[in-house]
Amino acid sequence: MRIATFNVNGIRTRLPNLLAWLERERPDVACLQELKAGDEAFPADALRELGYEALWRGQRSWNGVAILSRHGPPVPVRRELPGDPADDHSRYLEAAIEGLVVACLYLPNGNPQPGPKFDYKLAWFERLIRHAHGLCRSTHPVLVCGDFNVVPTDALDIYDPRSWRKDALLQPESRACWERLLAQGWTDALRSLNPDAKVFTFWDYFRQHWQRDAGMRIDHLLLNPVLAPCLQAAGVDRWVRGEAHASDHAPTWVELDLSRLPGGR
DNA sequence: ATGGCCAGTTATACTGGA
């Protein structure tokens with residue numbers, strides 16, 4: 001089973017790109033972020049024509065997340081991250097698909113920092129760490145994926161950190177949260193299979209960063225200890241970033257062999 | 001230190017992104 005995460009940066013203008021990717025790569029499950037559209041604008045019919053059932057939580061103008069599945073409709077588990085009833089951002093979805101728990105998240109960007117947006121990012125991260133603790137210890141297989149808006153290291157996860165020193169994605173506080181999350185026992189799929197390689201998932205629209213391969217790794221897929229033995233491969237569909245009118249992110253995926261789960265399937 | 005490029009908005013300049 002192949003599961004991908006893709007920050008589409010606007011599902012309305014990006015629908016042709018999204019459909020082209022789904023048709024060519026045929027992921028079994030796709031987690032989307034930054035729909036930038038209300039619930040009523042979600043293109044459920046176009047996705048169903050390609051064989052995908054969807055669960056979504058939109059929001060006007062910004063945020064918005066969705067989980068697509070071509071193995072029957074995703075069974076909703078949560079539509080929000082616990083811990084702050086006043087938080088109305090559409091940034092989290094959790095669903096069950098064929099016995100697998102899939103969480104799709106869009107962690108706050110946090111710029112500019114310092115400031116209230118950075119505070120919100122760290123508070124959201126704390127809530128995620130709290131909730132992920134239970135997911136990691138679950139006896140069920142769990143995958144948590146999405147746009148984490150964290151560049152884990154200077155050495156491997158960004159083309160050159162110098163001009164990004166003050167950016168929220170590289171701050172020690174952001175990275176400390178990421179490390180605490182991983183320390184629960186999660187496997188960072190892309191990094192575990194590429195321990196020494198620079199692998200990017202995002203290239204901004206400025207200064208020909210895509211053409212120069214000046215990217216960073218901020219889209220991540222985490223496997224809990226039950227699921228980790230199933231990890232077969234991980235990668236980035238870079239061709240999607242090179243298309244006309246592309247999102248600034250590329251789809252990032254894992255290939256899982258679920259027959260390796262305890263009990264087998 | 002700044003700004004470069006995008007998408008969306010009840011738009012024709014701004015916010016948010018990262």
Inset, instruction - For A/Arg217, report the nucleic acid contact type (base, sugar-phosphate, nothing); a contact means any heavy atom under 4.0 Å. - result: nothing
Legend entry - salt bridge (Lys or Arg N to Asp or Glu O under 4.0 Å) partner of A/Asp213, the single match among A/Arg238, A/Arg241, A/Lys198: A/Arg238
Legend entry - N/O (side chain, A/Arg14) to phosphate O (OP1/OP2, B/dA7) under 4.0 Å: yes
Legend entry - A/His71, NE2 atom: more than 12 neighbouring heavy atoms under 6.0 Å: yes
Legend entry - Under 4.0 angstrom between A/Thr13 side-chain N/O and B/dG8 OP1 or OP2: yes
Inset, instruction - Would you kindly give the CH2-to-C1' distance between A/Trp203 and B/dC5, to the nearest whole Å? - result: 17 Å
Legend entry - Cationic N near anionic O, under 4.0 Å, A/Asp160 to A/Arg212: no
Legend entry - Any A/Lys117 side-chain N or O less than 4.0 Å from OP1/OP2 of B/dG16: yes
Inset, instruction - May I have the distance from A/Asn7 (atom CG) to B/dA7 (atom P), rounded to whole angstrom? - result: 13 Å
Inset, instruction - Could you give the distance separating B/dG4 and B/dG17 at their C1' atoms, to the nearest angstrom? - result: 14 Å
Legend entry - Short side-chain N/O contact from A/Arg12 to OP1 or OP2 of B/dT9, under 4.0 Å: yes
Legend entry - Between C1' of B/dT15 and NZ of A/Lys36, the distance in whole Å: 10 Å
Inset, instruction - Can you figure out which of B/dA1, B/dT9, B/dG17 approaches the side chain of A/Lys166 most closely? - result: B/dA1
Legend entry - Short N-O contact, A/Glu53 and A/Arg70, less than 4.0 angstrom: no
Inset, instruction - Take the protein atom CG of A/Asn9 and the nucleotide atom P of B/dC6, then report the distance between them rounded to whole Å. - result: 11 Å
Legend entry - A/Gln208, CD atom: more than 12 neighbouring heavy atoms under 6.0 Å: no
Legend entry - Presence of A/Arg60 side-chain N/O under 4.0 Å of B/dT15 phosphate oxygens OP1/OP2: no
Inset, instruction - May I ask you to say what A/Phe148 touches in the nucleic acid, namely base, sugar-phosphate or nothing, with a heavy-atom cut-off under 4.0 Å? - result: nothing
Inset, instruction - Name the residue closer to the 5' end of DNA chain B, choosing between A/Met216 and A/His245 according to the nucleotide with the nearest heavy atom. - result: A/His245
Inset, instruction - Using the P atoms only, state how far B/dA11 lies from B/dT15, rounded to an integer number of Å. - result: 15 Å
Inset, instruction - With DNA chain B as reference, determine whether A/Phe202 or A/Arg207 sits nearer its 5' end, using the nearest nucleotide of each. - result: A/Arg207
